[in-house]
Amino acid sequence: MSSSASSSTASSSSSRKELLLLEELAANAWPAYIQQSYGDWKLRATFGVTRRANSVQAIGAMPEDGWLAEVERFYRKRGLPVYIQVSDVSPEGLDECLAEAGYELELPCFLMTAQADKLLEAVRPNDESVQFELAEQADEQWLDEFLRLEGFGKERLRGYRHIFSAIGPDKAFARVLKQGETAALGTVVAERGYAGISNIIVSSRHRRQGIAEQLLSKLAAWSQEHGARKLYLQVLRDNAPAVGLYRKLGFEVVSSHHYRFQRT
């Protein structure tokens, strides 16, 4: 899938200016431990934890000749594989260039947006047995539960601790409690009238009970309280249940991206 081809998924209502803003906001909501500018591009590294925080954000003009060798040097110096995020606002021809250089495609994703008020209208009333907690920081209990629900090992803790603590704009870390245990978690970051939603994870014991919808409703309400009327999120294209839920709640695909990586 080329960068130019993927643009067919974008909503006609979203301008290039808005897509560039969303990419900027999404990066601010997921800050890397190391971020180095390379012309307009950003080279990001965070102990190898998550693709977003360990990849090139390739937006803006193509760098000068020899850029790929410089990018590869940056990551290999840190013992990391080379990943380049290619989106609908990446330079024309970048995807083809990387494919010709032997870089393989991975993790095609959608960027989706919705109006917060429309989502609130779409969600059914809360289950009275469900309780919500919102905190400004991800404490150690939240981090431990996040790793457990995602099935991640403790080796990822350092990376996630940095990402969550380094978020600069207004943020909230949500916990859903049911029957005395944590049923779901989620994160929201508000900036310049938009709120980015991420880390929506529901315990296997509590799935298919509408908890994800109720959590999204709570995050949408928090977003409005913090001046954000529009929501955005990123989701894997092949995660049909999640994409279907988001569409049901009013989210629309406005762009897409994927990663190119060099197999070693």
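From a predicted model like this one, the values you see are computed outputs, not experimental measurements. Note that these values count all heavy atoms, side chains included, but never hydrogens, waters or copies made by symmetry.
- Note: Asp144 CG to Thr182 OG1 = 11.0 Å, rounded to the nearest 0.5 Å.
- Electrostatic pairing of Glu181 and Arg205 counts as a salt bridge here, judged by a charged N lying under 4.0 Å from a carboxylate O.
- Interatomic distance, His162 NE2 to Leu157 CG, rounded to the nearest 0.5 Å: 13.0 Å.
- In this structure a side-chain-to-backbone donor-acceptor pair under 3.5 Å is missing from Asp40 to Ile59.
- Pairing each heavy atom of Lys171 with each of Ala166, the nearest pair is NZ-N, 4.5 Å.
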Evaluate the criterion side chain to side chain contact (heavy atoms under 4.5 Å, CB included) for residue pair Gln57 and Glu23; output intermediate values, then yes/no. CA-CA 9 Å; Gln57 186 185 35; Glu23 292 288 350; 4.1 Å; yes
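- Taking OG1 of Thr113 as the start and CG of Leu19 as the end, the distance is 9.0 Å to the nearest 0.5 Å.
- Inter-residue side-chain proximity for Glu18 and Leu22 is flagged as met; some heavy-atom pair is nearer than 4.5 Å.
- The aromatic ring centres of Phe146 and Phe164 sit less than 6.0 Å apart.
- Both Ile34 and Tyr75 belong to a single network of hydrophobic side chains, linked directly or stepwise wherever heavy atoms of I, L, V, M, F, W or Y lie under 4.5 Å apart.
- Across all non-hydrogen atoms, the minimal contact from Asn28 to Pro169 is O-CD, 4.2 Å.
- In this structure, the side chains of Ser37 and Lys42 come closer than 4.5 Å at one or more pairs of heavy atoms.
- Using a 4.5 Å heavy-atom cutoff, the side chains of Ser256 and Val253 are not in contact.
- Closest approach of Leu215 to Leu185, counting heavy atoms only: CD2-O, 3.3 Å.
- Counting only heavy atoms from C-beta outward, the side chains of Arg16 and Val89 approach each other to under 4.5 Å.
- Both tests hold for Arg158 against Phe47: distance to the six-membered ring centre under 6.0 Å, angle to the ring axis within 45°.
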Go through Phe251 and Phe110 one step at a time and tell me if the side chain to side chain contact (heavy atoms under 4.5 Å, CB included) criterion holds. CA-CA 11 Å; Phe251 281 90; Phe110 286 137; over 6 Å; no
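- The backbone N or O of Ala58 sits less than 3.5 Å from a side-chain atom of Ser90, completing a donor-acceptor pair.
- A 6.0 Å sphere centred on CD of Glu140 holds more than 12 heavy atoms belonging to other residues, nucleotides or ligands.
- The closest side-chain donor-acceptor pair between His206 and Gln179, if any, does not fall under 3.5 angstrom.
- Arg260 contributes a side-chain N or O that, together with a main-chain N or O of Tyr103, makes up a donor-acceptor pair within less than 3.5 Å.
- Ring geometry for Trp142 versus Phe173: interplanar angle over 60°, hence perpendicular rather than tilted (30 to 60°).
- For Tyr33, the OH atom is loosely surrounded, since the number of other residues' heavy atoms within 6.0 Å does not exceed 12.
- A donor-acceptor pair is defined here as one N or O able to donate and one able to accept, closer than 3.5 Å; no such pair exists between the side chain of Glu106 and the backbone of Tyr83.
- Residues Ala53 and Ala32 share a closest heavy-atom pair of O-CB, 3.8 Å.
- Counting only heavy atoms from C-beta outward, the side chains of Leu233 and Ile200 never approach each other to under 4.5 Å.
- Within 6.0 Å of CG in Asp238 there are more than 12 heavy atoms belonging to other residues, nucleotides or ligands.
- Both Leu20 and Tyr194 sit in one connected hydrophobic cluster of ILVMFWY residues. Membership requires side-chain heavy atoms under 4.5 Å apart, directly or through other members.
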Determine, stepwise, if the pair Lys118 / Glu252 fulfils salt bridge (charged side-chain N to carboxylate O under 4.0 Å, His left out). CA-CA 12 Å; Lys118 298 299 184 183; Glu252 297 180 349; over 6 Å; no
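- Remark: the backbone N or O of Arg52 is paired with a side-chain donor or acceptor of Arg44 at under 3.5 angstrom.
- Residues Ala220 and Leu119 share a closest heavy-atom pair of CB-CD2, 3.9 Å.
- Between the CH2 atom of Trp41 and the CG atom of Leu94 there is a distance of 4.5 Å, given to the nearest 0.5 Å.
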Between Val82 and Val56, does the side chain to side chain contact (heavy atoms under 4.5 Å, CB included) criterion hold? Intermediate values first, please. CA-CA 8 Å; Val82 185; Val56 179; 5.7 Å; no
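- For the atom pair CG (Asp65) and CE (Met62), the distance works out to 9.0 Å, reported to the nearest 0.5 Å.
- Other residues, nucleotides and ligands contribute only 12 or fewer heavy atoms inside 6.0 Å of the CZ atom of Arg229.
- Judged purely by distance below 3.5 Å, without hydrogens or angles, the side chains of Trp30 and Thr50 pair a donor atom with an acceptor atom.
- A pairwise comparison of heavy atoms in Leu43 and Tyr38 identifies CD1-CB, 3.5 Å as the closest pair.
- Contact annotation: the side chain of Leu68 approaches that of Ile84 to within less than 4.5 Å [non-hydrogen atoms, C-beta and beyond].
- Under the 4.5 Å side-chain heavy-atom criterion for ILVMFWY residues, no single connected hydrophobic cluster contains both Leu120 and Leu216.
- Between His226 and Trp222, the ring-plane angle classifies as parallel under the 30° and 60° cut-offs.
- Under a hydrophobic-cluster definition in which Ile, Leu, Val, Met, Phe, Trp and Tyr are linked whenever side-chain heavy atoms come within less than 4.5 Å, directly or via other members, Leu134 and Leu177 are assigned to different clusters.
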When you look at Lys218 and Gln214, which way does the side chain to side chain contact (heavy atoms under 4.5 Å, CB included) test go after all the steps? CA-CA 6 Å; Lys218 182 64 68 172; Gln214 295 183 45; over 6 Å; no
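- In this structure, Arg207 contributes its side chain and Val202 its backbone to a donor-acceptor pair below 3.5 Å.
- The closest donor-acceptor contact from the side chain of Ser217 to the backbone of Glu213 lies at 3.5 Å or more, if one exists at all.
- Here Arg192 contributes atom CZ and Leu25 contributes atom CG; the two are 5.0 Å apart, rounded to the nearest 0.5 Å.
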